[in-house]
Peer 1: 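Here you go, one structure.
First listed ligand is number 1; within each ligand, the first listed atom is number 1.
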Amino acid sequence: MLLVGLTGGIGSGKTSVSSRLAERGAVVVDADAIVRELQAPGQAVLAAMVERFGESILLPDGSLDRQAVADLVFNDDAARADLGAIVHPAVRDEIARRVLDQADTDNVVILDIPLLAESGWDGIAGTIVVDLDPEIAVQRLVEFRGFTEADARARIATQASREERLAKASVVVDNSLDLEHLEAEVDKVWAWIESQRTAQRDA
Ligand code: ATP
């Protein structure tokens with residue numbers, strides 16, 4: 001297994017990159033998707049959240065009301081810390097489990113973890129950083145993802161800065177241009193991955 005981190009700011013194009021890496025044969029472990037799975041009805045994480053925050057975080061069908069949670073932790077550091085203490089260890093355990101499942105394979109495993117720039121991960125061969133001018137990220141979040149401009153800017157402001165992320169990069173994907181350019185950037189990343197695999201085999 002070759003374990004590689006993938007990170008980038010909100011709306012930078014992590015999913016667009018990871019899906020293209022999957023087309024080239026990589027196994028993608030997507031932290032956001034794991035969070036959603038662990039917060040599904042019947043899961044221990046959702047039960048612990050209800051115990052802490054009350055039934056008001058549930059929609060009538062019993063699923064999580066994400067906006068209600070966002071509203072509860074907004075401007076409440078203690079609530080935000082409690083939420084993190086419930087969700088983050090469970091997500092890390094599940095990621096670790098999925099990585100362990102791949103340990104004895106020849107697969108390239110991509111860890112798509114938005115907070116990787118802040119938290120790191122043991123055993124990664126390097127980190128792919130999807131880089132984009134935050135102004136373009138704001139435009140895309142508004143145009144394609146239904147964010148208000150103020151919300152997009154507020155979310156970006158809570159994350160690691162562009163410079164902090166770039167300082168951790170082994171290879172950078174420039175996603176400031178069109179999708180054709182992104183495809184060429186992903187080819188460049190795949191060549192880097194192949195060079196890492198060769199280095200790992202020769203070690
Ligand atoms: P999040 O941080 O919310 O998980 P993300 O980093 O995974 O987002 P994507 O969902 O891949 O980002 O991209 C954000 C939006 O921008 C999507 O609607 C995507 O289709 C679009 N997008 C990504 N790359 C480009 C590009 N090069 N040109 C135009 N649109 C793009």
Peer 1: Which donor-acceptor pairs under 3.5 Å do side chains of residues 169-178 form with protein atoms, sequence neighbours excluded?
Peer 2:
{"from": "S170", "atom 1": "OG", "to": "T127", "atom 2": "N", "distance (Å)": "2.8"}
{"from": "D174", "atom 1": "OD1", "to": "S176", "atom 2": "N", "distance (Å)": "3.0"}
{"from": "D174", "atom 1": "OD1", "to": "S176", "atom 2": "OG", "distance (Å)": "2.6"}
{"from": "D174", "atom 1": "OD2", "to": "S176", "atom 2": "OG", "distance (Å)": "3.4"}
{"from": "N175", "atom 1": "ND2", "to": "S12", "atom 2": "O", "distance (Å)": "2.8"}
{"from": "D178", "atom 1": "OD1", "to": "E180", "atom 2": "N", "distance (Å)": "3.4"}
{"from": "D178", "atom 1": "OD1", "to": "H181", "atom 2": "N", "distance (Å)": "2.9"}

Peer 1: Hey, can you pull the donor-acceptor pairs under 3.5 Å for the side chains in residues 36-44, sequence neighbours left out?
Peer 2:
{"from": "E37", "atom 1": "OE1", "to": "R98", "atom 2": "NH2", "distance (Å)": "2.9"}
{"from": "Q39", "atom 1": "OE1", "to": "R66", "atom 2": "NH1", "distance (Å)": "2.7"}

Peer 1: Is there a donor-acceptor contact under 3.5 Å from the side chain of R140 to the main chain of G11?
Peer 2: no
Peer 1: I'd like to check the side-chain contact (heavy atoms from CB on, under 4.5 Å) partners of D187; sequence neighbours left out, ordered by chain and number.
Peer 2: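 For D187 the side-chain contact (heavy atoms from CB on, under 4.5 Å) partners, ignoring immediate neighbours, are R24.
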Peer 1: Do you reckon V129 sits in the same ILVMFWY cluster as L182, going by side-chain contacts under 4.5 Å, direct or chained?
Peer 2: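 Different clusters: V129 never reaches L182 through Ile, Leu, Val, Met, Phe, Trp or Tyr contacts under 4.5 Å.
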Peer 1: Are V109 and V189 connected, step by step, through hydrophobic side chains (Ile, Leu, Val, Met, Phe, Trp, Tyr) whose heavy atoms are closer than 4.5 Å?
Peer 2: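 No, separate clusters.
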Peer 1: Would you please write out the protein residues whose heavy atoms approach any atom of ligand 1 to under 4.0 angstrom, listed by chain and number?
Peer 2: G9, I10, G11, S12, G13, K14, T15, S16, D32, R140, F144, R145, N175, L177, D178, L179
